[in-house]
Protein chains: 2
Amino acid sequence: MDDPRWLDESEHGAWCSYIAMHARLMAQLHRQLQHDAGLSLADYDVLSQLTNHPAGRARVFELVEALQWEQSRLSHHLKRMQGRGLVTREYCPDDGRAALVVLTPEGRSAIEHAAPRHVAAVRDLVFDVLTPDQVAGLRAVAEAVLDRIEARDDGSAAT
Amino acid sequence: MDDPRWLDESEHGAWCSYIAMHARLMAQLHRQLQHDAGLSLADYDVLSQLTNHPAGRARVFELVEALQWEQSRLSHHLKRMQGRGLVTREYCPDDGRAALVVLTPEGRSAIEHAAPRHVAAVRDLVFDVLTPDQVAGLRAVAEAVLDRIEARDDGSAAT
DNA sequence: CCGGTCTACTTGACATGTCATACACCCCGA
DNA sequence: TCGGGGTGTATGACATGTCAAGTAGACCGG
């Protein structure tokens with residue numbers, strides 16, 4: 001384990017730029033969303049997922065899958081969103097353990113108000129400065145890393 | 001402002017993959033670091049920055065610059081790290097307002113213990129699955145986005 | 001040398017995220 | 001049908017991050 005290969009100049013530079021970019025980008029998008037629509041990025045992601053499901057209704061674990069969040073993070077977050085009237089919970093007749101999360105009318109109108117502005121911000125800060133090749137490259141990178149992480153997870157789970 | 005260009009298939013896919021990758025990657029790296037060295041990613045970044053400065057000693061605002069953190073986040077975090085004996089504060093004779101942050105021996109040995117393992121993990125999950133071209137591409141993307149964010153910041157600050 | 005204004009940092013209140021744990025319910029074999 | 005072992009979700013304690021406000025020293029024009 002001692003003295004593995006360190007990162008070379010190019011790798012180190014890429015890593016630092018990446019970290020800095022993510023921090024600044026998310027801070028920026030968060031502030032914009034908060035200012036324009038009173039939502040956090042987290043709220044947005046949840047609402048956005050719900051609109052991808054029929055009738056704005058989904059199981060908690062479906063959202064966990066889609067968002068790649070910790071289960072308890074989602075649970076806490078849903079409670080707060082419920083407090084603010086953005087979502088409700090419904091009983092699920094099929095499975096007594098389940099919790100159905102449902103978009104309220106307020107939730108729907110919040111996301112409908114927020115979405116165009118948020119997308120515009122993402123486009124302005126990210127996609128407008130990238131070529132189509134770079135977009136494809138970014139996706140390839142993200143998917144390669146995700147695959148690796150999944151492989152590692154399986155490996156350790158199987159142990 | 002109504003109905004701006006939405007993201008196309010390729011952009012949307014890239015964005016979702018990117019978000020998911022970041023969440024999983026950081027969670028993974030955090031757990032690994034926590035497990036191997038009892039440090040959080042945040043601790044690691046701070047300590048790592050300090051080792052880049054002569055005598056493991058730096059001004060708070062230098063760290064803010066380098067890490068791209070909120071000022072108060074760093075302030076709170078330094079207090080906790082000080083509580084755990086990883087860093088100390090020293091008075092700065094040049095400027096009475098300043099706070100010098102100094103790496104303690106424990107801090108130094110913590111980062112020296114953590115670094116090889118952390119770097120190995122980053123390499124394993126990220127750079128080992130990327131080609132040199134992809135690394136260069138990632139860096140180019142990150143820098144392009146950072147430049148844009150800075151341009152926007154200057155613009156709004158100048159208004 | 002006085003006041004205003006900037007700069008560097010800290011603080012407190014509060015929002016958010018994590019980990020471990022609890023809990024109710026499903027499933028399945030004896 | 002009883003019990004044991006998952007599954008799906010919630011919760012409590014606590015770590016972390018954010019925003020707004022506070023403090024204190026520096027700088028500068030009169």
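The structure presented is a predicted model; accordingly, all values stated were derived computationally and were not measured. Every chain is numbered from 1, with letters handed out A, B, ... down the list of sequences. Side chains are part of it too, since the values below use all heavy atoms of this structure and drop only hydrogens, waters and symmetry mates.
- Partners of Arg108(A) by side chain to side chain donor-acceptor pair (under 3.5 Å), not counting sequence neighbours: none found.
- Residues meeting the ring-ring contact (aromatic ring centres under 6.0 Å, His included) test with Tyr18(B), sequence neighbours left out: His22(A), Trp15(B).
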Heavy-atom contacts, protein to nucleotides 13-22 of chain C, under 4.0 Å, summarised as B (base), S (sugar-phosphate only) or - (none) per nt, yield B--SBBBB--
Each nucleotide of nucleotides 21-29 of chain D classed B (base within 4.0 Å of a protein heavy atom), S (only sugar-phosphate) or -, in 5' to 3' order, makes ----BS---
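- Only Arg59(A), Val60(A), Phe61(A), listed by number, bring a heavy atom of residues 51-68 of chain A to less than 4.0 angstrom from any atom of DNA chain D.
- Within the 4.5 Å cutoff, no side-chain heavy atoms of Arg80(A) are placed close to those of Ser40(A).
- Residue pairs meeting the ring pair (Phe, Tyr, Trp, His ring centres under 6.0 Å) criterion with at least one partner in residues 121-143 of chain A, sequence neighbours excluded, are absent.
- Of all nucleotides listed (dG8(D), dT11(D), dC9(C)), dG8(D) comes nearest to the side chain of Ala98(A).
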Please tabulate, one pair per line, each protein N/O and nucleotide N/O from nucleotides 3-5 of chain D that are separated by under 3.5 Å, including the distance.
none

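- For the pair Lys79(B) and dT10(C), the criterion of a side-chain N or O lying under 4.0 Å from OP1 or OP2 is not met.
- Glu90(A) places its CD atom 17 Å from the C1' atom of dT9(D), with the value rounded to the nearest Å.
- Take Asp36(B) and apply the side chain to side chain donor-acceptor pair (under 3.5 Å) test, not counting sequence neighbours, and it matches Gln32(B).
- The side-chain heavy atoms of Val126(B) and Gln134(B), taken from C-beta on, include no pair separated by under 4.5 Å.
- The existence of a salt bridge linking Glu106(B) and Arg84(B) is excluded, since no basic side-chain nitrogen approaches an acidic carboxylate oxygen closer than 4.0 Å.
- Taking the side chain to side chain contact (heavy atoms under 4.5 Å, CB included) definition, one finds that Arg148(B) meets it with Asp124(A), Leu125(A), Asp128(A), Val129(A), Arg152(B), sequence neighbours left out.
- Each ring pair (Phe, Tyr, Trp, His ring centres under 6.0 Å) pair with one or both residues in residues 80-122 of chain B, not counting sequence neighbours, appears once here: Tyr44(B)-His118(B).
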List, one per line, each side-chain donor-acceptor pair under 3.5 Å for residues 45-60 of chain B, sequence neighbours excluded.
unit_1   : atom_1 : unit_2   : atom_2 : d
Thr51(B) : OG1    : Ser48(B) : O      : 2.7
Arg57(B) : NH1    : Glu90(B) : OE1    : 2.3

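- Between the P atom of dG8(D) and the CG atom of Leu78(A) lies a distance of 16 Å, rounded to the nearest Å.
- For the pair Arg24(B) and Glu150(A), the salt-bridge criterion is met [side-chain N within less than 4.0 Å of a carboxylate O].
- Here the side chains of Met81(A) and Thr104(A) are not in contact, with every heavy-atom distance at 4.5 Å or above.
- In this structure Ser75(A) satisfies the side chain to side chain contact (heavy atoms under 4.5 Å, CB included) test together with Gln71(A), Arg89(A), sequence neighbours excluded.
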